[in-house]
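Just so you know, these numbers come straight off a predicted model, no measurement behind them.
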Amino acid sequence: MVVNKAPMPEKEFEGQLTIQAREELHMAQLENLNAPPDWFPAEHAPAPRVVTDGTANKGFACGSCHLMNGLGIRNPATSRA
């Protein structure tokens, strides 16, 4: 039997998030769909402008949903292709 429960309330994140081998980013930088962070820039060739800059295609940067290395999407369980 499946019981539908109300979703857990989201907590606002304040402060900085540090990931190993990455500079510190503020939440506003993480949520910016026009200039998404490249978490592992040393692991792939430079991404094209359309991937890193949403103003290039008058929408969101491709890297806001897809991986910067071009190999797929960030979370296949919740993303629809």
**OP:** Look up atom CG in Asn32 and atom OG in Ser64, then write down how far apart they are to the nearest 0.5 Å.
**Re:**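 Rounded to the nearest 0.5 Å, the CG-OG separation comes to 9.0 Å.
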**OP:** Applying side chain to side chain contact (heavy atoms under 4.5 Å, CB included), name anything that partners Gln29, two or more places apart in sequence or on another chain.
**Re:**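 Listed in chain order: Leu25, His26.
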Heavy-atom closest pair, residues [X] and [Y]:
{"X": "Cys62", "Y": "Asn57", "value": "SG-ND2, 4.4 Å"}
{"X": "Ala61", "Y": "Asn34", "value": "CB-O, 3.8 Å"}
{"X": "Pro36", "Y": "Met68", "value": "O-CE, 3.4 Å"}

Subject >> All pairs passing salt bridge (Lys or Arg N to Asp or Glu O under 4.0 Å) where residues 59-68 contributes a residue, at least two apart >> reply: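 Qualifying pairs, neighbours excluded: none.
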**OP:** Kindly state each residue pair satisfying salt bridge (Lys or Arg N to Asp or Glu O under 4.0 Å) with at least one member in residues 52-65, sequence neighbours excluded.
**Re:**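 Checked against salt bridge (Lys or Arg N to Asp or Glu O under 4.0 Å) - neighbours excluded - the pairs reaching residues 52-65 are Arg49-Asp53.
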Original post:
Is any side-chain heavy atom of His44 less than 4.5 Å from a side-chain heavy atom of Asp38?
Top reply: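 Yes - at least one pair of side-chain heavy atoms lies under 4.5 Å apart.
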Subject >> Cluster check Phe60, Trp39: I/L/V/M/F/W/Y, side chain < 4.5 angstrom >> reply: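 In one cluster with Phe60: Trp39, no.
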